[in-house]
Structure formats: structure tokens, C-alpha cells
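This report concerns only the one structure given below.
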Amino acid sequence: MARKLHFTWPPPGDEDKQFHNEVAAVAAILQALGADIDVGPPRENLAKARHDPPPPSLRDWLKSKDSGMGGLTLGGGRSWNHPQLLMAARGLVFNEWGDAGKLMAMQAGRSTGEGLAQFLDGEEPRSTDYDSFRWAAYLIFASNKAPAAIRDDAREVLRRQMRLAMLGAVPWTDEGLEFRNAQGELTFRGPTLSPVGERSPKTSHPDQCGLFCRLVLGQSNLGDRDGWAPLVADMLGIDPLFEPRDRATLSDPTAALALLGNARVLGVFRFVEYPEGRFVFRANQMNPNTPSALWSFADHAKKRQVRGFPFDPEAKNRGKGAPRSIGCTIENGEVVARSTDDRFTARFRLPTSTPLWSIIVDEQGARFENGNGPILLPSQPPPHPPEPSGNPAIDIQALVAAVFALGAQPDQTDPAVALVQDQQWQKASEAVAALSVPNKRRGDRNALAAQLQDLAEDE
């Protein structure tokens with residue numbers, strides 16, 4: 001029997017996150033669709049530091065937002081989830097869809113993309129954590145809740161998303177611990193997806209897995225822990241995007257490659273099928289300050305997927321002083337992912353057999369690649385940490401990471417980040433000093449503003 005899902009906003013114990021877009025917009029979407037959710041008045045906790053005074057209701061919070069896409073085209077580290085969740089929530093609640101149609105047309109390849117919107121997922125290509133947020137937004141744009149002019153493009157974007165995910169998917173369920181409960185029972189019985197992408201620390205995100213099974217296999221009974229995003233799919237009742245696939249056919253990449261169309265992604269993904277298993281690889285993250293797996297290998301015989309996650313699996317790995325990714329290489333037949341914390345370097349020896357196929361997806365598009373697996377990924381010396389941009393004495397990346405670590409909302413963070421990247425130190429200092437941050441971050445905020453002021457005075 002399907003598990004009945006009940007939601008509460010503000011989230012108990014997480015009042016400081018109640019106005020985070022991935023919490024509040026999700027709650028607004030569930031309420032608008034008629035899900036089982038209790039929406040109460042905001043609770044004054046750490047949320048007060050983000051909003052002074054806090055909005056009197058969830059609806060008032062949503063009314064204060066917009067449905068624009070400027071940050072998605074301009075780049076600079078902005079989340080690709082937040083604006084799309086706001087577009088979907090404001091569309092459902094206020095019938096105000098903003099730039100949703102424009103963005104869908106760009107992502108579908110029907111119109112010329114602006115800035116990073118020319119790439120599928122922009123600067124956050126593929127993510128086990130965040131795919132489900134975007135996919136749920138696309139489902140709303142593809143439904144009869146949205147204007148007819150948006151729907152076809154949104155369906156095309158969903159098809160591209162599913163095809164990209166299929167390239168890293170294997171038919172079997174990982175029989176390790178990730179999909180098991182405390183009693184050792186499998187809580188998911190569908191295909192295993194590769195975690196390689198941005199902000200992707202694990203394989204087993206139930207929302208992502210549940211949506212993939214619904215949209216690709218046409219099955220909604222393969223997971224016991226489906227969350228809010230699969231529920232959105234169930235409530236919207238979207239017709240199949242394409243003929244449901246038998247999971248055994250996930251080993252054949254031809255259909256996925258053909259239906260990616262003219263989709264391009266930022267950076268480079270390689271998908272290599274050996275007789276022994278599926279290998280997925282990225283040389284670099286787009287955002288080196290967030291923890292991600294840079295390689296995965298799905299062993300067909302053992303039905304286990306291992307991943308190159310070069311970070312402490314028990315730590316958050318985010319915020320001030322956290323380790324950063326410094327890339328992934330192939331060295332003498334081993335794939336090696338590194339971070340600035342060399343205790344967690346992730347190595348795996350690749351098969352020596354001839355690959356059955358190899359596909360590259362990058363800024364030029366998706367295509368079969370000639371040659372054999374290891375030849376595609378030449379041995380390289382261990383990478384060095386990235387050189388700071390701009391003035392050699394100033395680590396711009398570290399300053400940008402420090403701004404994000406303060407925990408302000410994106411509409412406050414993005415202008416400050418842009419000023420840091422432009423090295424407008426005086427204005428950057430003023431912007432950081434004005435950020436509304438949680439109480440525990442105010443000291444960090446003031447210190448960072450002072451550091452930027454020092455840079456301004458040095459010029």
C-alpha cells in the first residue's frame with residue numbers, strides 16, 4: 001500500500017529554514033495542488049534574521065518574490081532550483097508565470113539561450129539532490145495548470161532531462177546499504193542512477209529515483225520513501241512523455257542519445273559502458289565549493305555502485321573552511337577524485353576490457369565518442385588546487401564561497417557575489433554588511449565586510 005504523505009509548514013525543528021526557497025516554495029506548491037499539508041503562521045526563530053520583520057504568512061512571503069530568470073542567465077553561482085520553484089509556485093498560486101515560458105523555450109532548444117540558459121541545467125548540470133526540484137517544476141510547467149504556450153517546451157525539457165539521466169542509469173537496483181532500511185529491507189526496487197554531477201553526494205535520493213521511475217518506466221510502485229516531488233507527479237497526472245521503457249533497455253544508449261536533441265551541458269560528462277559495468281566521469285565541478293561525486297562505477301555482476309566522493313561522508317562539507325574539490329583524473333588505469341582534504345581521495349581501478357560504447361556530453365552536445373575508454377581519458381599528473389582568479393594575492397573563489405556561507409537569501413547574495421567577482425571592493429563590502437543573515441553568522445558577515453573594506457583601501 002502506498003505510504004500516505006503528510007507535510008507541515010513551518011517544518012518542525014527547522015524554523016530557521018522556513019523561508020528558504022526549497023522549503024517555502026515547495027510548501028506553497030503542495031498547498032496549491034491540494035496535498036495533505038498543514039500551513040501555519042511563520043514561527044519566529046532564526047528566520048527573523050533573514051526577514052525583519054518576518055512575512056505574516058507563506059502567501060505573503062511568496063507575494064514578495066518574483067518569477068524572473070535574470071540570475072540563471074547571468075551565472076555567478078546562483079541556484080537553478082530557486083527561481084524555477086518560485087516560477088512554479090507563483091504560477092500555481094497567483095497565475096503569474098513570469099519567465100517560465102521563456103526559460104523553457106531556451107532549455108528546449110527552440111529559442112536562442114541567453115548566457116548560461118543555453119546549457120541544460122545551466123551551471124548546475126545533473127544533481128541527485130537538486131534534479132527533483134527542477135523536474136517537479138518542469139512537471140508543473142508541462143501540466144494543464146500552466147499556459148498552453150509553455151507546456152510543449154516543458155515536456156521537451158523533461159524528455160531531455162530523463163535522457164541525460166538514462167545515460168548514467170543501469171537496470172538493476174544497488175543491493176548495498178543505501179537503499180535499505182534499518183531492518184535490511186530494500187526501500188527502492190528501481191534502476192540505479194549515477195550520482196555524478198553538481199552537488200551530488202549520494203545515489204539514493206528518493207525524490208529523484210521516484211520521479212525517474214514514473215517518467216521513464218511508467219511505474220510508481222518501486223519506492224517506499226517517495227517524497228514531495230513524486231507526489232507532485234501523481235497529483236498532476238502528466239501523460240507519459242514517451243513510450244515507457246523496459247528497464248532492461250537502459251543498457252542501450254541509442255534512444256537517450258537521439259532524444260537529447262541539440263541539448264548541451266556546461267563542462268564535460270563521459271559515459272562509458274564496459275562489459276563489467278557503467279563508468280561515469282567528470283574532470284571538474286562547476287562549483288568547487290560544494291561536495292560532489294566526480295566518478296561512479298556500477299558493477300553489473302555485484303550489483304553495487306561505487307562513487308568518487310573525495311570528502312568526509314559524515315561531514316556537511318559546506319561553509320567556511322570546508323574542503324573544496326580539486327578535480328578528477330585518470331592515472332595509470334585508476335580514476336582518482338581529489339579534494340583539498342587528501343584523507344578522502346577516492347580511487348578506483350578501471351577494467352582493462354574494451355568498452356562497448358562511450359558517449360560524451362559537453363558544451364557542443366551529446367555524441368558517441370571514438371576510441372576505447374582509457375584512451376579517452378589520458379593519464380595526467382595529480383591536479384593542483386585551482387589558481388585564484390584576478391589579483392594573484394586575492395582568492396576570488398574563496399571570497400565568493402564566504403558570501404554564500406553567510407546563509408542569506410539568493411536575492412541578497414547574488415548582487416554581493418557579482419560585486420566580489422567584479423572586484424568592486426567598496427561596493428562589495430557595503431553589500432555584504434547589509435546582508436540579513438542568521439544571528440550566528442553576523443560575526444562572519446562583519447568580518448567579511450571588513451576584509452572587503454581592507455581590499456578597497458589597498459587599491
Side-chain angles (χ1 to χ4, degrees), residues 121 123-131 164-165 167-170 174 176-178 192-205 265-274 276-299 302 304-319 321-352 355 358-362 373-387 397 401:
D121 287 341
E123 60 195 322
E124 289 185 335
R126 296 281 294 118
S127 172
T128 55
D129 276 0
Y130 292 164
D131 276 350
L164 183 58
L167 290 176
V170 291
D174 188 317
L177 297 178
E178 274 206 66
T192 300
L193 307 182
S194 171
V196 175
E198 295 293 304
R199 308 187 185 195
S200 295
K202 56 187 178 295
T203 300
S204 57
H205 196 294
V265 301
L266 205 58
V268 181
F269 288 82
R270 282 189 166 93
F271 304 86
V272 184
E273 178 75 354
Y274 291 94
E276 294 87 349
R278 182 79 50 85
F279 174 52
V280 184
F281 171 89
R282 297 191 81 191
N284 299 102
Q285 293 171 233
M286 297 297 102
N287 184 345
N289 298 307
T290 57
S292 294
L294 287 179
W295 61 261
S296 66
F297 186 83
D299 189 309
K302 296 179 180 178
R304 295 291 298 275
Q305 179 169 255
V306 290
R307 58 179 178 265
F309 184 68
F311 302 92
D312 182 352
E314 303 301 323
K316 185 177 180 182
N317 298 302
R318 296 285 301 277
R324 293 179 291 122
S325 169
I326 52 175
C328 188
T329 58
I330 303 294
E331 303 167 18
N332 302 316
E334 276 191 319
V335 58
V336 186
R338 291 181 172 85
S339 73
T340 51
D341 187 344
D342 57 13
R343 296 176 301 163
F344 297 99
T345 296
R347 297 176 175 270
F348 180 76
R349 183 158 295 281
L350 294 169
T352 57
S358 176
I359 286 172
I360 183 171
V361 184
D362 59 14
I375 297 175
L376 304 175
L377 309 168
S379 295
Q380 303 174 27
H384 297 287
E387 292 293 328
Q397 276 188 340

Taking the side chain as every heavy atom from C-beta outward, state whether [X] and [Y] have any pair of such atoms under 4.5 Å apart.
X: R338; Y: T329; answer: yes
X: D121; Y: Y130; answer: no
X: D299; Y: V306; answer: no
X: F281; Y: V272; answer: no
X: T203; Y: T192; answer: yes

Salt bridge (Lys or Arg N to Asp or Glu O under 4.0 Å) involving [X] - partner list, sequence neighbours excluded:
X: E276; value: none
X: D131; value: R126, R134
X: D362; value: R367

Pairing residues for [X] by the side chain to side chain donor-acceptor pair (under 3.5 Å) criterion, not counting sequence neighbours:
X: S296; value: S194
X: R349; value: none
X: K202; value: D129

Could you list the residues that satisfy side-chain contact (heavy atoms from CB on, under 4.5 Å) with [X], not counting sequence neighbours?
X: D341; answer: P323, S339, R343, F344
X: A337; answer: L294, W295, P310, C328, A346
X: A298; answer: V170, W172, R278, Q305

Write down the atom of V196, the atom of F269, and the distance for their closest heavy-atom approach.
->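 So the two residues come closest at O-CE2, 3.7 Å.
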
Indicate the atoms forming the closest heavy-atom contact of E123 with E198, along with that distance.
-> O-CG, 4.0 Å

ring-ring contact (aromatic ring centres under 6.0 Å, His included) with F297: which residues, sequence neighbours excluded?
-> F348

Between S292 (side chain) and G197 (backbone), is there a donor-acceptor pair under 3.5 Å?
->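 The answer is yes, because a donor-acceptor pair under 3.5 Å joins these two groups.
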
Distance, nearest 0.5 Å, that separates CD1 of I359 from CG of L164 = 10.5 Å

